[in-house]
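A short worksheet on the structure shown next.
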Protein chains: 2
Amino acid sequence: MTDDLRSAGAPTLEDVARAAGVSRATVSRVVNGVRNVDPAIQEVVRQAVSVTGYAPNRAARSLVTRRTDAVALVVSGAGVEAGADGEGPGPASGEDGSFTAQVFADPFFGRVVTGVVNYLRPRGMHPVLMFAETSRARDEVVAYLRQGSADGALIVSTHAEDPLPGLLTEAGLAAVLYARPARPVLISYVDLAHQDGARLAAEHLLARGCRRIATISGPLDVPAGQARLAGFRDTMARHGHPYTPIAEGRFTQESGEAAMERLLAEHPDLDGVFAANDLMAMGACHVLREHGRRVPDDVAVVGFDDSSAALACRPPLTTVRQPVEGMAAEMTRLLLDRLARPDSPATSVIFEPELVVRGSA
Amino acid sequence: MTDDLRSAGAPTLEDVARAAGVSRATVSRVVNGVRNVDPAIQEVVRQAVSVTGYAPNRAARSLVTRRTDAVALVVSGAGVEAGADGEGPGPASGEDGSFTAQVFADPFFGRVVTGVVNYLRPRGMHPVLMFAETSRARDEVVAYLRQGSADGALIVSTHAEDPLPGLLTEAGLAAVLYARPARPVLISYVDLAHQDGARLAAEHLLARGCRRIATISGPLDVPAGQARLAGFRDTMARHGHPYTPIAEGRFTQESGEAAMERLLAEHPDLDGVFAANDLMAMGACHVLREHGRRVPDDVAVVGFDDSSAALACRPPLTTVRQPVEGMAAEMTRLLLDRLARPDSPATSVIFEPELVVRGSA
DNA sequence: CTGAAAGCGCTAACAC
DNA sequence: GTGTTAGCGCTTTCAG
């Protein structure tokens, strides 16, 4: 008669306690691995746990611990172009899903997810995926965190002037960014030394003997785009090339193709190209080949990121490696650190890029 | 003296009630949009909410509603090959992150995420990302759900014989699959009519005049790989081609390249290739070009999925479209349906593929 | 080392 | 239409 009185609902601590003949508190201690419990009793409790099939209720636990063991992984973007889906007069940058689709078109985000998950998982934590491309969506992210649905946020911004970091810190919520915020907010972040990366690319092209070098930059309203361009230009200037042709892309393969077309039209004799990411570099290679230029013999191409696109390309891309997974893991570490010590100061960690030489340059 | 007594901690229902001069219950009603509340009072409460900056505590709410508004989005795989990372004698298919990295190397998963998020988001729900490539990881997913950390699970299996669906239904947990389970489990799922898709590809190649057609199949231990091959073979046989060369790939570009090399070595005169996904088709195109074959003039190539790789390829791939985002959305709808009516029967929805003609065939 | 008891913040009967 | 109240299942002092 001590059994089977709990036919409905999942077993609770109470049930286990009864089955083990101890108090709820003791069961709780055993379940949470708190010391100071008689080994013999521990064993009895463990038995009872497995007999009853007990699983602690996360909500009840969260209610008292004030922790959820979840973190929000949010992809944030300020302005998305109107979707070219032709589905009627929808909002120009609305929540029609074009943003979420675009995000994953770039192999970059998958790598971030990989890095985050690999750090979180061994610690029993999980990422909740969120997108914050509109002001409404941003408010929802803030609300989500304020409700205590997640312990903190990992922010990957696709555009500068993203208001989200500000909103978050203002609300006293724990957050860490991938990439330095445009306006200095007191918040931790990881970033890459983009300028150094661009320098590596420029020097490689120069060392290779290229003399008429152009660049396909990233969007100039995103910090990474600016920094890579700046690093490239500075290096070129320092080596006696104060004027280098530039075509702005949007980090997509398509925009890379268009940029390459423009470059080729204006400078048919170029012999080297630095693209600010691999997707654009790949687009450039396609266009070059279509125009009868051999890569790297006629035109050398260097990409950036060392994403999966670099190996997918023919020839495989010489590129500047951004250790995305490692950076994402570090970003996660910074967040968990902050959660453990809420008033630890904001920290930033800058990673150094590395040149990876393959076939394209 | 009615104010500022709550300097510490977030404001609770109690605080709002006090500020509005009503009871907790009333505040709860207006916050949750329950009818039967005097409009005037509603207004007063809303004021109080915004004055206090109240945000409902999700844990407390979940504790009583038994809902979290989160669903687990789990990528499940049975056997992953040993990582080729050369980092010492690690476990052959361990939790070293190689699985998570592989998963996002394919544009497929990003599309699934997109579809899921776009369905979930307007409903105030969010996906928690999980991976279940080892038996340990699978147990964690089950435990996660049993703790009530998420209301249900969306499963994307990368291999057949995945034990997860069985574990889940056995535990009475709500789950829906992307792709039919290998062994018939009583569980809802969405899937594509893979055979029809393969038929479309074969017929297109045939109609185009190709007579020496080979195929690069997917891994034969995954249902989609089998079905696409079966559909292709049947159609070829029906059109008088009982024997078509086959090379097995693993749905990666690299494996597609290797398969194409083999095919070309044995059948130098082939004039058409059906690859079971776009990544492999892209690899095939590269290899064909390296061997001096023009696509589509010398050899026509048809892919499968209509992923981003199809457009990234030169020439753009003629392919069989799998409406991944729509299928993922439907999968999500099925899950929420199930959550709303727990004893609704298991349902399956099969989507029809569509041929998309571009440059490669 | 173990038990008793006080909540965590919210929803949902149930009274009024 | 609104307030009272009883928990939801857990952790955590505080006694013993």
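So that the names make sense, note that chain A is the first sequence line, chain B the second, and so on, each numbered from 1. Being a predicted model, the structure only gives us computed values, none of them experimental.
Atom CD of A:Glu14 is separated from atom C1' of D:dG7 by 13 Å (rounded to the nearest Å). Rounding to whole angstrom units, CZ of residue B:Arg29 and P of D:dG3 are separated by 8 Å. Protein atom CG of B:Asp15 is 9 Å distant from nucleotide atom P of C:dC10, rounded to whole Å. The separation between B:Asn36 atom CG and D:dT2 atom P is 9 Å, rounded to whole Å. Distance B:Gln42 CD to D:dT2 C1': 13 Å, rounded to the nearest Å. The nearest whole Å value for the distance from the CD atom in A:Glu43 to the C1' atom in C:dC1 is 18 Å. As a whole-Å value, the separation of A:Asn57 CG from C:dC10 C1' is 14 Å.
Taking only side-chain atoms of A:Ser23, from C-beta outward, the nucleotide of C:dG3, D:dT4, C:dC10 with the closest atom is C:dG3. Listed nucleotides: D:dC8, D:dT13, D:dT11. Nearest to the side chain of A:Arg61: D:dT11. Of the candidate nucleotides D:dG3, D:dG1, D:dA6, D:dA6 has the atom nearest to the side chain of B:Arg24. The side chain of B:Leu13 approaches C:dC10 more closely than any other nucleotide in the set D:dC10, C:dA4, C:dC10. Closest approach to the A:Leu63 side chain among D:dG9, C:dA12, C:dT2 is made by D:dG9 (side chain taken as heavy atoms from C-beta onward). You'll find that the side chain of A:Val37 is closest to C:dT2, out of D:dA6, C:dG3, C:dT2.
Within 3.5 Å, no donor on the side chain of A:Arg58 pairs with an acceptor on the base of D:dG9, nor the reverse. Applying the 3.5 Å distance criterion, the base of D:dG9 shares no donor-acceptor pair with the side chain of B:Arg66.
Remark: A:Arg123 qualifies as a cation-pi partner of A:Tyr119 under the 6.0 Å distance and 45° angle criteria applied to the six-membered ring.
Distance alone, capped at 3.5 Å, is enough to place a donor-acceptor pair between the B:Asp151 side chain and the B:Asp69 backbone. Without hydrogens or angle criteria, B:Arg121 side chain to A:Phe131 main chain gives a donor-acceptor distance under 3.5 Å.
In this structure, CG on A:Asn57 lies 8.5 Å from OG on B:Ser149, to the nearest 0.5 angstrom.
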